[in-house]
Every structure is written in C-alpha cells, then in structure tokens.
Amino acid sequence: MLMPQTGTYYMFSGEIRKGVECNMQKKRLAAVAVAICAFAAGCADSMQTQEELVTPKETAASQITQETASQTAAQSAAIGETIAQQVQAPPRYQCEVSSETVHVTADAEVVIPDVKGIKTKKVTPRAFTQEDYDAVNLALLAGGSLWDRDYKAMEQSHGFTASELEEKASALEAEKTIHGLNGNAPYGGKSETLNEQIAKFRELAKTAPKEPVIVEVPDTVVYEGYTADGDGNWLHGMVTADGEDYVVSLDNSQFEGEAQCEVRFSVENDKYRCSWEQKPFTDLTQLDQNPELASSKEAEAIRKMSLQPVEIQNKAKSVGEKISKDDYAVQGGAYFAAYAGDESGEVSLNGVAYGVHLIRLVDGIPIFYKRGDMDDVEDSVWWQNEKLSLIYTDEGLAQFEWINPYAIGDLSAEYVFLLPFEDIRDVFEKMILKKQQDFFDGQGKQVEICVESVKLGYARVREAGADVEGTLVPVWDFYGSKTYRNDAGEVSFVNRFDFDSLMTINAMDGTIVE
C-alpha cells in the first residue's frame, strides 16, 4: 500500500466502520507534516501543479522542432543508435554546486532503458475485471474461496462471537487498571460509561454464538456503471490460505466518479488490519547513519527481521509476473511499521515489515512510482497514478494493494526526440538551487542535497480541465536525499527521496514536471 493507507475498515452489524488506529495514524502523520512545514516556511509559495517552463541551454538540439526531432530520432533508431547514444549521457553524473543556503553534490549512477527510442503514450483508467481478481487470487491466495461472516444471522451480537465480546470487556477492565480510570468515566466519547459498556459487552456475550456464522460470498467482479452509492461495484470478503485469514476488497465504485476516479484492489492479512507507515529509509545502513528515522522499538524490531529485502523483492516480482500480462519491475523498497489501537484509543507497535513497489514497463521503459503522488490538477477529476505494492513480514504477506491500473495506447507514431543529457543537467543544477533558495529565503536554514541516481523513464501528465486521460512523456528523475540543518548548523531532519524525485524534468523540452 507503499504509502500509509487512508484507513482500515471493519464490518460491524452490517456497516463499515473505520478503526480507531486510522485516526491515530492520521494524527501521527499530521504532526510530522506540521513540523516539516513549520521548518520549511514558505514552501507552499514555490510549488506548482503543472509543468514549469525552463529555458534549457541553447544548443542546436534544443531548437529542433518536435516534428523534425521525431524524424531525427526515428532515423537514429533505424541505424541502430540507442537512447544512451542519442542523449550522450555519462555512466555517472557528478557535480557540486552551492548557493547561500543550499549545497548540492552528486556522484550518481545514470540509468537509461536499453531501447532504441521512446514514444509518448495515451493513458486512461480502467475498472478491475474478473481476470484481474482471478489472477491475484491464484497468485496470492492459492485460488481460495471468498467467505464472510453472516452478519444478518449474527445481528443480535453485532457480528461478534461470545469470546470476542468477552475479550472486549476484559480489555476495558484492564484499561481501567492500567490508567487508573474510574468506571463511571465516559467510554470513547459516548454517553455510556466504561462500566456500562463492559456490562453491555458481557450481556451480548450471553446470547452470542460460540463460533462465527459463515456464509459463502460469490466472487463475481462486475462494473455496472457509476452510481452515487456504488451498488453492485464492490466485492468484499475473506479468503483463508495457508492457515491465515486475508481480507479481500475490490472496489470499482468510484470508477467514473463525479469528483474522483479511483479503483482499488487490496488483500490484507487479518492480523494486520491497521495502517502501515512507510519509514524514510530503504536499508539498515541509512538507519545506522540516521537513528532518528525510526523509534527505538521500530529499529529493534526491524533489525530482528530474518526475511531479507532481496528475498521480498523477488517474491513481489514473481507476483507481478503472475497477475498481469504486462511487464512489471521492482523500483525499490522500504521498511514499514504498523500501529494498532485498542478499545481505549491507545496506539502501539503492531509489527514491522518490508514493502516493495512494482512499476509497469511500457516497451521496456518504466513508469516510475512516486510516493504521495495525488495528481492534483486544477479543474480536473482527481485521478491518482497507478500503484502496485506488496508488504511482507517475516510471517509472509501482510498487504497487497493495486490502485488505478492503466489502459495504454500509442500517442506518437514515431520515437520522440530527447534533449542531450548536458541540457538536462544544466536545468537541474540551475533550478534545484533556485527552488530550494525560494524554499528557505530569509529563514536562515541550510539544506544539503545528495543526488544518488538519475533515471530516464515515463511520467504521466495531465492538462488543467482535462478529462480523465493523461499522457506518458519521457522524463529524467533525480533521486537522493535532503539533510536539513537549523540556525545552529545541527541536523534537524533527513528526508530520503527513493520514491519522491528531487526533481522531474521533461526529457523532450527541459520543462520541470511537478
């Protein structure tokens, strides 16, 4: 999922209810966001949602018209020239530039797809199909049957068994002891007191079934057109595989929605029905160098993991190969921590894991995943970019999430012209200083930027006011880290950009893609 999720949903008396841990997680994320924005005052003023025009270095190549450029690229490809030869990029990009508050260094690998050329592509959304469901079910859950509790038959106990209700009552009794609470204190902001809620749980337990009443759920995927309430476009239930229960949810209800277009398919281990928080480091060396990136409990648990990142990446790649006829590759991974809340609202560490983002390859060219990419285009329907991620603990799969798969078609008939890499590096070095200077102008803060890799791939762009349709254009992404220092020169925050590009530059014209 591999960005923190928007919430975990529980069935209760036939209704969907958000878990308390979702609210606590939002508070944690909000606190971090406030701290960063307070430090980086003025950041909102410098951000744009569309492509920002930058005049690249004036060379003959950058003045070629797009029509002529396409012909030139096609001719180059016809005689066997590769993209690497066209853009004349070095194996490594090295630089060191500074301004009053910004210092940028780079010793970065330059990664270029081994293909002859790049075409622009048209992308549109699509709903999930029966074929998608069957492939994911077979790849992750061994083709298991979908089932759920019969909430109508268990209506009197609100869907809970006798033992579950007793566990809830005992948990509230324990909270009274741990926190020294009076039994007459309000329960969870409700009119009932703790004692009254405990009594209610135990009263329900007297007539509740000892075992859950199970009903089979037809695993038929349909999309019958958009409706305001989403009826008929949602599939939900449980699948048992290898002794574990997994929550399966396929939601086509917001496809062609009035304000947003989003379809979502998830599989979650029932033990981890909580929000996964992506940590800002991808390997333990980074954690060793910056211990503040994780709490002591998180760090201890992560260091004890036996399943190694390379094993998890291989597992994830195998899943990608099984669920789609399209090619998927591993862009990278990161560590995660899960938090869960109890009846009193207390939140504690529920587990640690390693997550992987898979990216689609189109004609051998990757569409890079960017964490937190919301595609917030003015006057357009909200349409998040495609995302496919898997999270694993030592015990196995914790979460699978697939959002907004693309339907892809050709837009350009010929290969497009790409600017020489020298022009791209000039744009980057000029604009990274300017943007960061604007970020911290007058604040007395310092930022050190380290570029660790530069990659050529696709990014989806949309025009303001456009329908739910985008264009895949070739871009250069610069990845690395930022280290922020306060007025005293002390490190106050380290932000890694393994999935958030330091800067994305259109490879055809040198504009910055925000």
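All of these numbers come straight from a predicted model, not from anything done at the bench. For this chain, numbers begin at 1 and follow the sequence in order.
- The only member of Val123, Val381, Thr124 that meets side chain to side chain contact (heavy atoms under 4.5 Å, CB included) when paired with Val468 is Val381.
- Judged purely by atom type and a 3.5 angstrom limit, Ser170 uses its side chain to pair as donor or acceptor with the backbone of Glu166.
- A donor-acceptor pair under 3.5 Å is absent between the side-chain atoms of Asp477 and the main chain of Lys455, judged by distance alone.
- Of all heavy-atom pairs between Phe265 and Asp132, the closest is CE2-O, 4.0 Å.
- Taking 4.0 Å as the cut-off between side-chain N and carboxylate O, Arg264 and Glu262 count as a salt-bridged pair.
- Looking only at side-chain heavy atoms (C-beta outward), Val451 and Leu502 come within less than 4.5 Å of each other.
- For the pair Tyr354 and Phe336, the tightest heavy-atom approach, listed with the atom from each and the gap, is C-CD1, 4.4 Å.
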Asn195/Thr193 under side-chain hydrogen bond (donor to acceptor under 3.5 Å, both in side chains): CA gap, chis, key distance, verdict: CA-CA 5 Å; Asn195 283 342; Thr193 65; 5.5 Å; no
Go through the steps for Ile432 and Ile449 under the test side chain to side chain contact (heavy atoms under 4.5 Å, CB included), then give the verdict. CA-CA 9 Å; Ile432 195 70; Ile449 299 175; 3.8 Å; yes
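- Side-chain contact between Asp270 and Tyr246 is absent, with no heavy-atom pair separated by less than 4.5 Å.
- Under 4.0 Å is where a charged nitrogen must lie from a carboxylate oxygen, and between Lys176 and Glu173 at least one such pair does.
- When side chains are defined from C-beta on, Asp219 does not count as touching Ser145, because their heavy atoms never get closer than 4.5 Å.
- A salt bridge links Asp326 with Arg360; the closest basic N to acidic carboxylate O contact falls under 4.0 Å.
- A distance-only check finds no donor-acceptor pair linking the side chain of Glu216 to the backbone of Leu146 [under 3.5 Å].
- A donor-acceptor pair is defined here as one N or O able to donate and one able to accept, closer than 3.5 Å; such a pair exists between the side chain of Glu298 and the backbone of Ser295.
- Taking the six-membered ring where the residue is Trp, the centroids of Phe255 and Tyr226 are separated by 6.0 Å or more.
- Looking at heavy atoms from C-beta onward, Glu211 lies out of side-chain contact with Thr161 at the 4.5 angstrom threshold.
- When atom types are taken as modelled, the side chain of Glu300 and the backbone of Lys297 share no donor-acceptor pair closer than 3.5 angstrom.
- A salt bridge does not link Arg126 with Glu386: every distance from a Lys NZ or Arg NE/NH1/NH2 to an Asp or Glu carboxylate oxygen is 4.0 Å or more.
- Shown here for Ala353 and Thr393, the closest heavy-atom pair between the two residues is CB-CG2, 3.8 Å.
- Side-chain contact check for Ile403 versus Val263: every heavy-atom pair is 4.5 Å or farther apart.
- The two residues Gly225 and Asn233 make their nearest non-hydrogen contact at O-ND2, 3.2 Å.
- Within a 6.0 Å radius of CG in Asp283, more than 12 heavy atoms belonging to other residues, nucleotides or ligands are found.
- For the pair Phe201 and Glu167, the minimum side-chain heavy-atom distance is 4.5 Å or more.
- Using a cut-off of 4.0 Å between Lys/Arg side-chain N and Asp/Glu carboxylate O, Glu203 and Lys206 are scored as salt-bridged.
- Screening residues 234-249 for salt bridge (Lys or Arg N to Asp or Glu O under 4.0 Å) gives Glu244-Lys271 as the qualifying pairs, with residues at least two apart or on separate chains.
- Leu287 and Ala299 make their closest contact through CD2-CB, 4.0 Å (heavy atoms, listed as atom of the first residue, atom of the second, distance).
- Rounding to the nearest 0.5 Å places CE of Met238 at 4.5 Å from CH2 of Trp147.
- Aromatic rings from Tyr133 and Phe128 are positioned such that their centres are separated by 6.0 Å or more.
- Side-chain contact between Tyr187 and Ile198 is absent, with no heavy-atom pair separated by less than 4.5 Å.
- Side-chain atoms of Glu256 and Tyr223 form a donor-acceptor pair, as typed in the model, at a separation below 3.5 Å.
- To the nearest 0.5 Å, atoms OG (Ser501) and CZ (Phe368) are separated by 9.0 Å.
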Show your working on side chain to side chain contact (heavy atoms under 4.5 Å, CB included) between Glu109 and Tyr479 and close with a plain yes or no. CA-CA 10 Å; Glu109 180 185 13; Tyr479 294 96; over 6 Å; no
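- In this structure, Glu164 contributes its side chain and Phe160 its backbone to no donor-acceptor pair below 3.5 Å.
- Using modelled atom types, no side-chain atom of Glu277 and backbone atom of Ala337 make a donor-acceptor pair closer than 3.5 Å.
- Without hydrogens or angle criteria, Glu268 side chain to Ser266 main chain gives no donor-acceptor distance under 3.5 Å.
- Seen from the ring of Trp383, Arg460 counts as a face-on cation partner, given the 6.0 Å and 45° thresholds.
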Mind running side-chain hydrogen bond (donor to acceptor under 3.5 Å, both in side chains) on Ser389 and Trp402 for me, showing each step along the way? CA-CA 7 Å; Ser389 60; Trp402 192 2; over 6 Å; no
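- Between Lys200 and Glu192 a salt bridge is recorded (basic side-chain N to carboxylate O distance below 4.0 Å).
- Side chain of Asn290 to main chain of Leu293: no donor-acceptor pair is present (N/O by atom type, distance under 3.5 Å, no hydrogens or angles).
- With values rounded to the nearest 0.5 angstrom, Leu388 atom CG is found 11.5 Å from Ile367 atom CD1.
- Here the CD atom belonging to Gln289 is positioned 9.5 Å from the OG atom belonging to Ser481, to the nearest 0.5 angstrom.
- Rounding to the nearest 0.5 Å gives a distance of 8.0 Å between CG of Leu358 and OH of Tyr328.
- Considering all non-hydrogen atoms of both residues, Leu349 and Ala301 come closest at CD2-CB, 4.5 Å.
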After noting the C-alpha distance and the side-chain angles of Leu194 and Asn184, does the key distance pass the side chain to side chain contact (heavy atoms under 4.5 Å, CB included) rule? CA-CA 6 Å; Leu194 283 170; Asn184 293 322; over 6 Å; no
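- Outside the 6.0 Å centre-distance limit, the rings of Trp276 and Tyr339 are not counted as a close aromatic pair.
- Other residues, nucleotides and ligands place more than 12 heavy atoms under 6.0 Å from the CD atom of Gln260.
- Ion pairing of Asp467 with Arg462 is absent here, as no side-chain N (NZ or NE/NH1/NH2) approaches a carboxylate O to less than 4.0 Å.
- Atoms CG and NE2, on Leu204 and His158 in that order, are 5.0 Å from each other to the nearest 0.5 Å.
- No side-chain heavy atom of Asp134 sits under 4.5 Å from any side-chain heavy atom of Glu131.
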Check against side chain to side chain contact (heavy atoms under 4.5 Å, CB included), Thr129 and Val221: CA-CA 6 Å; Thr129 65; Val221 177; 5.7 Å; no
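- Using a cutoff of 4.0 Å between basic side-chain nitrogens and carboxylate oxygens, Lys317 and Glu321 are scored as salt-bridged.
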